[in-house]
Amino acid sequence: MNVVTRFAPSPTWYLHVWWLRTCLYNYLYAKNTGGKFMLRIEDTDRSRYVEWAIENMVEMLTKLWLNIDEGPNNPWNAWPYLQSERLDIYKKYVQKLLDEDKAYYCFCSSDRLDKLRKEQEQLSLPTKYDKKCRYLSEDEIKEKLEAGEPYTIRLKVPENQIVKFKDTVKWKIEINTKDIDEQVLMKTDGFPTYHLANVVDDHLMEITHVIRWEEWVPSTPKHILLYGAFGWEAPEFVHLPLLLWMDKKKLSKRQWDVAVEKYIEKGYLVDALINYMAFLGWNPKSTEEIFSMDELIANFKLENLNKSGAVFDVEKLNWYNSKYLVAWDINDIYEKFMAWAEIYDNNFYKNTLLKADNEYNKSVLLELKTKIKKFDEFKEQTTFFYSDDIKVDTDIMLNEKMKITNMEIVKNGLNLTLNTLKNLEWEIESIDQIKTIFIEAIKEAWMKNWQVLWPVRVALTWEKFSPWALEMMYILGKDKSINRLETLMENL
Ligand code: GLU
C-alpha cells in the first residue's frame, strides 16, 4: 500500500503547537513509509475563516522544513486543495446520496432547532435532531423547494445498527446508530459541513491514514457511516492524545503562547522545536532524546505513539534548544543566528551585527551559546560587546568577599591589567595564553587573582553577571580592551 497522509487545518488562526504536532506526525509517517504528504485547507466554515491564515500556514511549514508533496502551492492533480474551491464536487456527491435515498432535505429553521435543543437539555436528553423532515412526502419537498425555502441536507442514519471502529492508538468504539445524530452534510449557504467535505476529500485524495487530534474521536462514527453510505472503504484512523499547556489546561485557552510563530520569533532553532514536538506524543522506545529530522523519519512508527496526553512545557523546549546550541558547530549556529536576526530583529542586525565583523560576532556567539537559551536573549546579554559607552557603576567593583575593600585596590588591579596588555607584543591569541600571562603578572605583583580580575570584568562589561575578564579581553581584543580600561580610569 502506498501511504498517503494529509494535514488538513482550518484557516482560523496562526499555526499552533497542536496543529504542528499533527502535521509533523503526518509528515514523519509519510516519509518513513516512502509515502506522500498532502496539505488540504478545510475552509468551509466561513464564519471562522481568517484571510491571512492560509499563507501564514504555508510559510510556517516551509520554515519548519515540513515539505509538502502535494497541496495548494504544488498541485499534483487538476483539482483544488482548498475546500471552498471544491463546492461542485461536494454537491455532486451529496446529490448522489439524495438520489439513493441516503440523505434528505431538512427545512427546519434555526429557531426550531434551538428550541428543540433547549427542550432536550432541560430533560437531560442527548441533543439531536428529531428527524422531523426525514418523513416529508415528495410533494411536500417539491413545494418547499419551489417556494425557495432555505434548507440543509442531512444524512439518513440507518436504524438500529452498530457502528464499530478501532483506531491505531487506543480507541475502540461501538455505538448504536440510534445514538448518532442525523448530521447536516450541506448547510443553507451551500457549503458542505466539515464531516462531508472531510470524508469526500479523504476518499478522492486516496488518504490511507487519517492522523488527527483526539478531539475528532466522537465524529469518527459519523464519518464511518458516511463512508458506508457512499460504499467506500474508510482509511485507518490514528487519533493523537491530548496536548495540554503547562498548567494542565487546554491549549486553546492560551493565545499567543501556542502560536508556533512565537517560538520562531523568539529564536528557537527549528531542529530543536521539531525534536521537542516529536516527543509530545511519541517515543522511540529508547532513552535517546536528540533526533535530527532524518533520524525522526527513520524511527517514526505509529505503534510507538503514546496513549496518554502530553504537556507542552517551555522549560523542556529550552532544554532541547540549549542542547542544540551547545552541540552544533559555531559556523552553523552563526548562519542560523544571522538569518534569524535579519528577519526578527532587523535593526540590531543592520546597525550592530553587520557593522561588526563576522569573526567578532562569531566569537561573541561562541561565548554566549552555552549561556543563552534562544537567540532573542543574545542582544540583551551582549550590549557591552557592541557599545563603548561606559556605564559602569563603580560600587559593584568593590566586593567584601573578594577583599576588594577600597578604590585603591581597584585602581591597582586595573593598572596592572593595562600595563600587562600594553606590554603584549601580539594580539591575544587564546584564552589559555592570556591566562598564563595574567596569572604570572598578578603573582609578581603580590596580588590576588580576584582583586584584579573582578574589577576588570566589571570595567569591560559594566555588569556583575557576564563572561569572565579573560574571556572578555580575548573577544574584545587588545586595543579595545585597553581603550575601555583607559576611559574608565579617567572617569574613576
Ligand atoms: N479541519 C480539521 C481541523 O482543523 C481537521 C480534522 C481532521 O484532520 O480530520 O482540526
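Note that ligands are numbered from 1 as they come in the structure, with each ligand's atoms numbered from 1 the same way. Along the sequence shown, residues carry numbers from 1.
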Next on the checklist: Students often mix this up, so state it plainly: with edges at 30° and 60°, are the rings of W232 and Y93 parallel, tilted or perpendicular?
Outcome noted: perpendicular
Checklist entry - A8 to ligand 1: N or O pair under 3.5 Å? => result yes
Checklist entry - How about Y276 and Y324: are their ring centroids closer than 6.0 Å? => result no
Checklist entry - Hey, does R6 sit under 4.0 Å from ligand 1 if you only count heavy atoms? => result yes
Next on the checklist: Ring centres under 6.0 Å, that's the criterion: do Y135 and Y104 meet it?
Outcome noted: no
Checklist entry - What atoms of ligand 1 come closer than 4.0 angstrom to any heavy atom of Y194? => result 6 (C), 7 (C), 9 (O)
Checklist entry - Does W19 come within less than 4.0 Å of ligand 1, judged by its heavy atoms? => result yes
Checklist entry - Should the heavy atoms of other residues, nucleotides or ligands under 6.0 Å from CZ of F291 be counted, would the total exceed 12? => result yes
Next on the checklist: For atom 10 (O) of ligand 1, what is the closest protein heavy atom, and at what distance to 0.1 Å?
Outcome noted: W216 NE1, 3.3 Å
Checklist entry - Centre of Y129's six-membered ring, under 6.0 Å away, within 45 degrees of the axis: is that where NZ or CZ of R154 sits? => result yes
Next on the checklist: For F300, run the ring pair (Phe, Tyr, Trp, His ring centres under 6.0 Å) check against W282, F279, Y27 and tell me which one passes.
Outcome noted: W282
Next on the checklist: Could you tell me, atom by atom, which parts of ligand 1 come under 4.0 Å of a heavy atom of N198?
Outcome noted: 7 (C), 9 (O)
Checklist entry - Which atoms of ligand 1 are found less than 4.0 Å from any heavy atom of P9? => result 4 (O)
Next on the checklist: Within ligand 1, which atoms have a heavy atom of E42 less than 4.0 Å away?
Outcome noted: 1 (N), 2 (C), 5 (C)
